[in-house]
Structure formats: C-alpha cells, structure tokens
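Atom set for the values below is all heavy atoms of this structure, side chains included, hydrogens, waters and symmetry mates excluded.
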Amino acid sequence: MERTTCCVVGGGPAGMMLGLLLARAGVEVTVLEKHGDFLRDFRGDTIHPSTLRLLDELGLGRRFARLPARRLEEMQMNIGEHTVTMADFRWIPGPHKYIAMVPQWDFLNLLAEAAAEEPSFTLRMHTAFTGLCTERGRVTGVHYVDEDGSPGELAADLVVACDGRGSEVRREAGMRPDWFEVPMDVWQVRVPVLRPDRDKAGRVFGQVRSGRVAVTTDRGDYYQTSYLIPKGGDTGLRAQGIQWFRDELGELFGWGAEVDAIESWEDVKLLEVTMGRLPRWYREGLLCIGDAAHTMSPVGGVGVNLAVQDAVAAARILADPLRRGRVRLADLARVQKRRWLPMAFMQKTQLGDHDMMHGPALSGTLDTERLPVPIRLMRRVPALRSVTGYLGGIGIRPERAPAFARR
C-alpha cells in the first residue's frame with residue numbers, strides 16, 4: 001500500500017491551497033483530483049481581497065497579476081425602477097480594493113505550479129476517490145481508481161475532504177449536513193459582448209423584477225450571466241423554448257443580437273442550489289472543509305473565498321501535528337471552531353437575502369416600489385455600502401498566511 005502523511009481529496013480552491021501550504025510546512029501531502037485538468041465552466045471565479053492579500057503573503061501576487069482578470073469594484077442592482085449599490089469595495093483597507101474575476105482553472109493552475117516546487121507535494125490527476133480505509137473506526141486512508149481504471153489504496157495520517165458540495169468523502173464517512181431551504185436554482189450562461197460599455201467595467205449588475213432575477217458580469221468578451229428560477233422549476237421553464245429565454249435576457253439587460261448566441265438549451269447550465277452545513281466537520285482521521293463542510297448559496301460569490309480561508313486555518317493548526325505524526329480529534333475540532341463563526345455569519349446573511357429579496361422576487365410578491373428597509377438604508381447612507389463591501393470582500397476572521405508558508 002502507498003503512503004502519504006496527508007491525503008487531500010479534491011483539487012479545487014480548498015484542496016490546492018491546503019496542499020500548497022502543508023507542503024511549504026514540510027508535510028508530505030498528496031492531492032487526488034478525479035479530472036485530468038481544471039477546465040470546468042461556471043465554477044466560482046471570484047478572488048476576494050482577503051485572498052489577494054494571502055497570495056501576496058505567499059509570494060504569488062506577481063504571478064497572479066499576470067493572469068487574465070477583470071476588477072469588480074461595485075455590486076449594483078436595479079430593483080424595479082430603483083438602482084442600488086449593494087457593496088462598494090473601493091474603501092477596503094489594503095492594496096486590493098476590488099474582487100478579481102479570474103477563470104478558476106487559471107487560479108488552480110497557479111496554485112498547482114507553486115505547490116509543485118515543494119518536494120513534499122504530489123498532485124495526482126485522473127484519480128477518483130472510491131472509498132475510505134478504516135481501522136477500528138478511524139479513517140486511515142482512501143481507496144481510489146486511477147486513469148487506467150486500476151484500483152489502489154493510499155494510507156494517510158489524515159484525509160481531508162475538499163471535494164465540494166456533493167462530497168463523496170462526506171457521504172462515505174456517514175456525515176450528514178443539516179440542509180436549509182432555498183427558494184431558487186440558477187441557470188448559468190455566457191452571452192457575448194458585442195458593444196463594450198466602459199461604464200459597466202468593474203461592476204456586477206443585477207436586475208430584479210417581479211417574478212424575475214438575473215445577475216451579469218462583464219468579463220471582457222462575454223457577460224457571465226446567472227438567471228434565477230424557482231426551486232425545481234428547470235424542466236417546466238425549459239418547455240417554453242429557448243426563444244423565451246432569449247427574450248427574457250434581452251428585456252432585462254437591454255441586449256439585442258447578443259442573445260442570438262444562445263443557440264439551444266445546451267448552452268444553459270443548471271446549478272441546483274443547495275445550502276447546508278455539517279454540525280461536526282471531523283471524525284478520527286478525517287476532516288471536511290470548504291463546500292464539503294458548508295455548502296454556500298451562490299449569493300455574493302463567497303464560496304471560493306471561504307474555502308480558501310478554511311484551508312489556511314487548517315494548514316496553520318494541523319501542520320505541527322502532521323509533522324509529529326499524530327493528529328488528535330482536538331486538533332481537528334480547533335479547525336471547525338476557528339472557521340465556524342465566519343461560515344455561520346455568511347450563511348445567515350445569505351438566508352436573509354433569500355427571505356428579503358430572492359424568494360419574494362421569484363414568487364412575484366416583492367414590492368419593487370417600496371423597497372425593503374435594509375435596501376432603502378443602503379441608498380440613503382453610502383457608508384453602509386463600504387461596510388457590506390468589507391464584509392463581503394474581507395469577511396469576519398480573515399486568515400493570514402502562516403509564517404512557514406510566506407515567501
């Protein structure tokens with residue numbers, strides 16, 4: 001049987017960041033990624049100011065700056081006839097007063113290249129998790145299948161589940177999240193930019209009408225667009241035909257020929273929104289972080305940032321126990337304790353947004369003439385936009401790079 005000190009299942013933002021940090025601490029770490037590359041459409045592309053600061057501390061800021069990126073400085077919404085700035089990032093302390101929109105595969109490739117420079121790091125692509133190895137109730141490693149379909153086993157002092165909202169590791173471990181009710185699913189689609197609008201650069205634009213909600217971001221040559229639909233409504237709405245959807249987007253955003261590029265429903269991807277959290281993120285020999293521990297709503301695009309912050313906290317707390325070869329339950333509990341407040345705060349905020357805005361808008365009961373009180377305050381008190389910008393961009397209890405990982 002093969003052996004490593006820490007086996008990370010899943011090469012997303014949490015898994016790759018954790019692998020990089022532990023390797024810089026001198027821990028032997030192996031990341032298993034079932035795909036052959038990181039190229040997937042409609043994954044979280046938002047890199048928040050706290051993560052940008054972290055990259056600087058890791059000595060990766062200059063490399064990141066060479067990636068294709070758009071800077072988002074404001075989040076605006078048109079609610080009925082009212083335009084509201086929901087968050088302003090330009091007053092965040094530090095050098096990064098914006099959210100960077102970067103294709104996730106570029107971000108993950110950057111982390112993978114940096115981690116590959118560490119002798120104790122191994123990334124195994126085309127390697128799918130198939131089960132847990134256990135001994136007297138303790139997780140002792142994983143079963144996997146490689147690119148050729150050959151099964152194998154990898155023993156580890158600690159297995160970390162970073163395999164996302166549908167975590168196979170979590171399911172195999174018998175860990176069940178507490179789920180929240182959500183009012184929507186999301187259609188995701190790319191719409192080409194035919195008429196560049198300099199006024200829209202650096203902003204996220206949302207459109208809220210009675211019965212309709214959509215958000216779009218100018219990514220340079222295309223608009224990355226999310227159209228919210230009532231939970232479970234995908235099949236029934238698609239029956240209305242693709243021209244109906246083109247007309248919907250055209251009316252909401254003032255697009256004409258742009259929407260003709262949506263040729264069929266094959267161009268429209270469904271994100272089935274789930275939101276929940278594990279009451280306990282760990283058991284003997286196993287830890288869940290990121291979406292595997294707490295599945296976030298897409299509202300605010302905070303999932304990537306929280307996953308990265310989880311990885312930083314886990315690396316700082318667990319590096320020494322892993323080097324000693326003895327990770328206790330108390331060590332794993334410290335990770336959850338450290339990250340519970342920022343996760344719970346953000347989920348509570350997202351649920352509040354669902355109740356105040358998204359649910360009523362989709363059901364047609366939102367009064368777009370008399371806005372909810374928090375939104376009216378946002379319009380009247382500009383400083384509140386900076387507060388929401390800070391909470392969204394930096395968050396509660398942001399993590400800094402451990403000393404052992406700084407370059």
Side-chain angles (χ1 to χ4, degrees), residues 4-31 50-51 54 57-58 111 115 132 137-142 156-165 167 169-170 172-178 276-296 302-347 395-405:
T4 188
T5 301
C6 181
C7 174
V8 177
V9 180
M16 292 310 302
M17 181 60 74
L18 180 60
L20 168 62
L21 297 180
L22 289 179
R24 285 190 173 182
V27 174
E28 186 180 14
V29 56
T30 301
V31 178
S50 55
T51 302
L54 173 67
E57 294 168 348
L58 296 175
L111 297 180
L132 292 170
R138 180 185 178 87
V139 173
T140 58
V142 299
D157 294 335
L158 177 67
V159 174
V160 184
C162 299
D163 53 340
R165 61 181 54 228
S167 173
V169 179
R170 183 183 66 203
E172 187 74 12
M175 302 167 77
R176 295 182 175 83
D178 296 327
R277 62 196 186 207
L278 287 172
R280 178 168 162 167
W281 300 5
Y282 57 90
R283 52 176 283 192
E284 289 277 5
L286 173 67
L287 173 68
C288 298
I289 63 172
D291 274 354
H294 46 76
T295 305
M296 308 302 292
V302 297
V304 170
N305 194 52
L306 281 173
V308 168
Q309 300 289 307
D310 284 0
V312 178
R316 186 181 64 253
I317 292 169
L318 298 177
D320 280 344
L322 285 166
R323 283 191 294 243
R324 293 195 303 266
R326 185 169 181 267
V327 180
R328 303 168 302 164
L329 274 180
D331 299 318
L332 304 180
R334 284 182 60 203
V335 178
Q336 178 174 343
K337 183 178 180 180
R338 171 73 186 177
R339 297 304 303 158
W340 185 268
L341 176 61
M343 174 277 299
F345 173 84
M346 190 52 64
Q347 285 192 332
I396 293 177
R397 196 175 285 165
E399 305 293 343
R400 306 299 293 265
F404 59 72

Let me see the working for Leu158 and Glu284 under side-chain contact (heavy atoms from CB on, under 4.5 Å), right down to the final yes or no. CA-CA 9 Å; Leu158 177 67; Glu284 289 277 5; over 6 Å; no

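- Atom CG of Leu132 and atom CZ of Arg283 lie 7.0 Å apart (nearest 0.5 Å).
- Using a distance-only test at 3.5 Å, with no hydrogens or angles considered, no donor-acceptor pair links the side chain of Asn305 to the main chain of Val302.
- Around the CZ atom of Arg176, the shell of radius 6.0 Å holds no more than 12 heavy atoms that belong to other residues, nucleotides or ligands.
- Shortest non-hydrogen contact noted between Leu21 and Val312 is CD1-CA, 3.7 Å.
- Put simply, the side chain of Arg326 never gets that close to the backbone of Pro321: no donor and acceptor are under 3.5 Å apart.
- Heavy atoms only, all atoms of each residue included: Ala25 and Ala319 are closest at CB-CB, 3.9 Å.
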Worked verdict on Thr5 versus Val29 for side-chain contact (heavy atoms from CB on, under 4.5 Å): CA-CA 6 Å; Thr5 301; Val29 56; over 6 Å; no

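- When side chains are defined from C-beta on, Arg170 counts as touching Pro177, because their heavy atoms get closer than 4.5 Å.
- Nearest heavy atoms, Val31 versus Gly11: CG1-CA, 4.0 Å.
- A pairwise comparison of heavy atoms in Val169 and Asp163 identifies N-OD2, 3.1 Å as the closest pair.
- Less than 6.0 angstrom separates the ring centroid of Trp281 from the ring centroid of His294.
- Side-chain contact check for Thr51 versus Gln309: some heavy-atom pair is nearer than 4.5 Å.
- Annotation: side chain to side chain donor-acceptor pair (under 3.5 Å) contacts involving residues 10-30, sequence neighbours excluded, comprise Thr4-Thr30.
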For Val160 and Cys7, what are the C-alpha separation, side-chain angles and deciding distance, and is it a side-chain contact (heavy atoms from CB on, under 4.5 Å)? CA-CA 6 Å; Val160 184; Cys7 174; over 6 Å; no

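- Between the side chain of Glu399 and the backbone N or O of Arg339 there is no donor-acceptor pair closer than 3.5 Å.
- Here the CD1 atom belonging to Ile289 is positioned 12.5 Å from the CG atom belonging to Leu278, to the nearest 0.5 angstrom.
- Between the CG atom in Asp157 and the SG atom in Cys6 there is a gap of 9.0 Å [rounded to 0.5 Å].
- Remark: side-chain polar atoms of Arg165 are not paired, donor with acceptor, to backbone N or O of Gly276 under 3.5 angstrom.
- Between the CZ atom of Arg397 and the CZ atom of Arg338 there is a distance of 5.5 Å, given to the nearest 0.5 Å.
- For the atom pair CG (Leu22) and CZ (Arg316), the distance works out to 12.0 Å, reported to the nearest 0.5 Å.
- Counting heavy atoms from C-beta outward, Leu332 and Leu318 have side chains that approach closer than 4.5 Å.
- Summarising the geometry of Ala401 relative to Leu58, their closest heavy-atom pair is CB-CD2, 3.8 Å, with the distance given to 0.1 Å.
- Here the closest non-hydrogen pair linking Pro398 and Ser50 is CB-CB, 4.4 Å.
- Between Leu54 and Arg400, the closest side-chain pair of non-hydrogen atoms is not below 4.5 Å.
- A side-chain donor-acceptor contact under 3.5 Å links Arg280 to the backbone of Tyr282.
- Between Cys162 and Val9, the closest side-chain pair of non-hydrogen atoms is not below 4.5 Å.
- In this structure, Asp291 CG and Met296 CE are separated by 8.0 Å, a value rounded to the nearest 0.5 Å.
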After noting the C-alpha distance and the side-chain angles of Arg277 and Thr295, does the key distance pass the side-chain contact (heavy atoms from CB on, under 4.5 Å) rule? CA-CA 6 Å; Arg277 62 196 186 207; Thr295 305; over 6 Å; no

